[in-house]
Amino acid sequence: MQQLYVEKRKEITPQELLDLASVAKSLPGTMIGNVAMLYGYRVGGLAGGFAAVCGMILPPFAVIVVISFFYAAFRANPWVNAAMVGMQAAVVPIIFSAAINLVKGSMPYPPCVLLMILAAAAYLFTDINPIILVILGVVLGLVIGSYYERRGSHDPS
């Protein structure tokens with residue numbers, strides 16, 4: 001989505017994509033389905049949202065249904081097995097690239113990076129409840145944002 005709708009077509013800004021992803025994460029269901037619904041709704045109203053969700057769900061669903069009928073034959077084929085292993089290796093850099101782009105858009109000020117590192121360390125190496133980390137992140141994010149706003153630094157760099 002980042003490459004197609006933000007960089008190539010320039011239909012939405014990186015901040016709008018980040019906002020869509022943030023809202024989509026808070027809704028029940030799959031995040032990508034929620035993003036599709038929100039984007040489709042933004043572009044074409046309720047019909048656009050429905051069409052976007054159907055476009056995201058139906059093609060993979062059809063492929064999965066066909067593959068499930070022939071699963072044993074597919075799985076036993078060494079070429080298919082090798083292709084599956086290769087696809088697994090390709091998924092990691094794709095997800096890593098998307099995460100880097102999200103970090104760039106969600107951390108406009110240098111203290112935000114430090115806040116992220118401290119929160120990750122606290123989560124990984126202490127028994128602090130993640131809800132407390134989220135609440136602290138919100139409070140400190142508001143403090144950092146208002147500090148830069150008062151300072152008149154609208155340009156995050």
Side-chain angles (χ1 to χ4, degrees), residues 1-71 74-75 77 79-121 123-124 130 133-134 137-138 140-142 144-149 151-157:
M1 289 189 73
Q2 172 81 24
Q3 288 178 343
L4 182 63
Y5 295 109
V6 176
E7 296 168 9
K8 193 172 184 181
R9 293 186 184 176
K10 300 191 186 309
E11 292 180 9
I12 59 175
T13 66
Q15 185 60 42
E16 287 174 317
L17 180 60
L18 185 63
D19 292 344
L20 284 174
S22 297
V23 171
K25 284 185 215 173
S26 66
L27 296 172
T30 63
M31 189 183 110
I32 193 65
N34 292 338
V35 169
M37 176 61 185
L38 292 169
Y39 180 76
Y41 183 79
R42 180 181 177 273
V43 173
L46 191 57
F50 183 73
V53 169
C54 288
M56 289 292 299
I57 292 172
L58 292 179
F61 178 74
V63 169
I64 297 277
V65 167
V66 170
I67 288 175
S68 69
F69 284 117
F70 304 105
Y71 178 73
F74 277 118
R75 190 67 182 153
N77 185 320
W79 292 99
V80 172
N81 196 22
M84 295 293 189
V85 170
M87 284 190 284
Q88 288 175 352
V91 168
V92 172
I94 291 170
I95 292 174
F96 185 71
S97 173
I100 294 295
N101 288 331
L102 284 175
V103 166
K104 287 179 186 175
S106 66
M107 297 189 202
Y109 308 115
C112 294
V113 176
L114 178 63
L115 181 61
M116 178 205 59
I117 292 168
L118 291 173
Y123 176 75
L124 292 172
L133 291 174
V134 170
V138 168
L140 291 174
L142 290 170
I144 291 168
S146 61
Y147 169 77
Y148 277 90
E149 194 68 32
R151 209 174 99 183
S153 178
H154 295 287
D155 180 22
S157 48

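Note: hydrogens, waters and symmetry copies are ignored here, and every other heavy atom, side chains too, is used. Each residue takes its place number in the sequence, starting with 1.
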Side chain to side chain contact (heavy atoms under 4.5 Å, CB included) against Phe69, all qualifying residues, sequence neighbours excluded: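 With sequence neighbours excluded, Phe69 shows a side chain to side chain contact (heavy atoms under 4.5 Å, CB included) to Val65, given in chain and number order.
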
Pairing residues for Leu133 by the side chain to side chain contact (heavy atoms under 4.5 Å, CB included) criterion, not counting sequence neighbours: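 Partners of Leu133 by the side chain to side chain contact (heavy atoms under 4.5 Å, CB included) criterion, ordered by chain and then number, come out as Ala122, Tyr123, Ile128.
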
Side chain proximity check, Leu46 to Met37, heavy atoms < 4.5 angstrom: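 The answer is yes, as the side chains (C-beta and beyond) meet within the 4.5 Å cut-off.
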
4.5 Å side-chain heavy-atom contact, Pro110 and Tyr148: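 They are in side-chain contact.
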
CD (Glu7) with more than 12 external heavy atoms under 6.0 Å: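 Yes, because the 6.0 Å sphere around CD of Glu7 holds more than 12 heavy atoms from other groups.
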
Met84, CE atom: more than 12 neighbouring heavy atoms under 6.0 Å: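 No.
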
How close do [X] and [Y] get, heavy atom to heavy atom, and via which atoms?
X: Val35; Y: Leu20; result: CG2-O, 4.1 Å
X: Gly33; Y: Val53; result: O-CG2, 3.7 Å
X: Gly40; Y: Ala52; result: CA-CB, 3.9 Å
X: Leu115; Y: Gly141; result: CD2-N, 4.3 Å
X: Pro59; Y: Cys54; result: CD-O, 3.8 Å

With sequence neighbours excluded, residues passing side-chain hydrogen bond (donor to acceptor under 3.5 Å, both in side chains) with Gln15: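 In terms of side-chain hydrogen bond (donor to acceptor under 3.5 Å, both in side chains), with neighbours along the sequence ignored, Gln15 is linked to Asp19.
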
Between atom [atom1] of [X] and atom [atom2] of [Y], what is the distance when rounded to the nearest 0.5 Å?
X: Met31; Y: Ser22; atom1: CE; atom2: OG; value: 8.5 Å
X: Leu38; Y: Leu17; atom1: CG; atom2: CG; value: 11.0 Å
X: Asn34; Y: Met56; atom1: CG; atom2: CE; value: 10.5 Å

Which residues share a salt bridge (Lys or Arg N to Asp or Glu O under 4.0 Å) with Glu11, sequence neighbours left out: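 For Glu11 the salt bridge (Lys or Arg N to Asp or Glu O under 4.0 Å) partners, ignoring immediate neighbours, are Arg9.
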
Any pair counted as salt bridge (charged side-chain N to carboxylate O under 4.0 Å, His left out), so long as it reaches residues 28-57, sequence neighbours left out: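 For residues 28-57, and leaving out neighbouring residues, the salt bridge (charged side-chain N to carboxylate O under 4.0 Å, His left out) pairs sorted by first residue read Glu16-Arg42.
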
Pairs where residues 7-29 contributes a residue and the test ring-ring contact (aromatic ring centres under 6.0 Å, His included) is met, not counting sequence neighbours: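 Those involving residues 7-29 do not exist here.
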
Ser97 (side chain) donor-acceptor with Pro93 (main chain) under 3.5 angstrom: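 It does not hold such a pair.
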
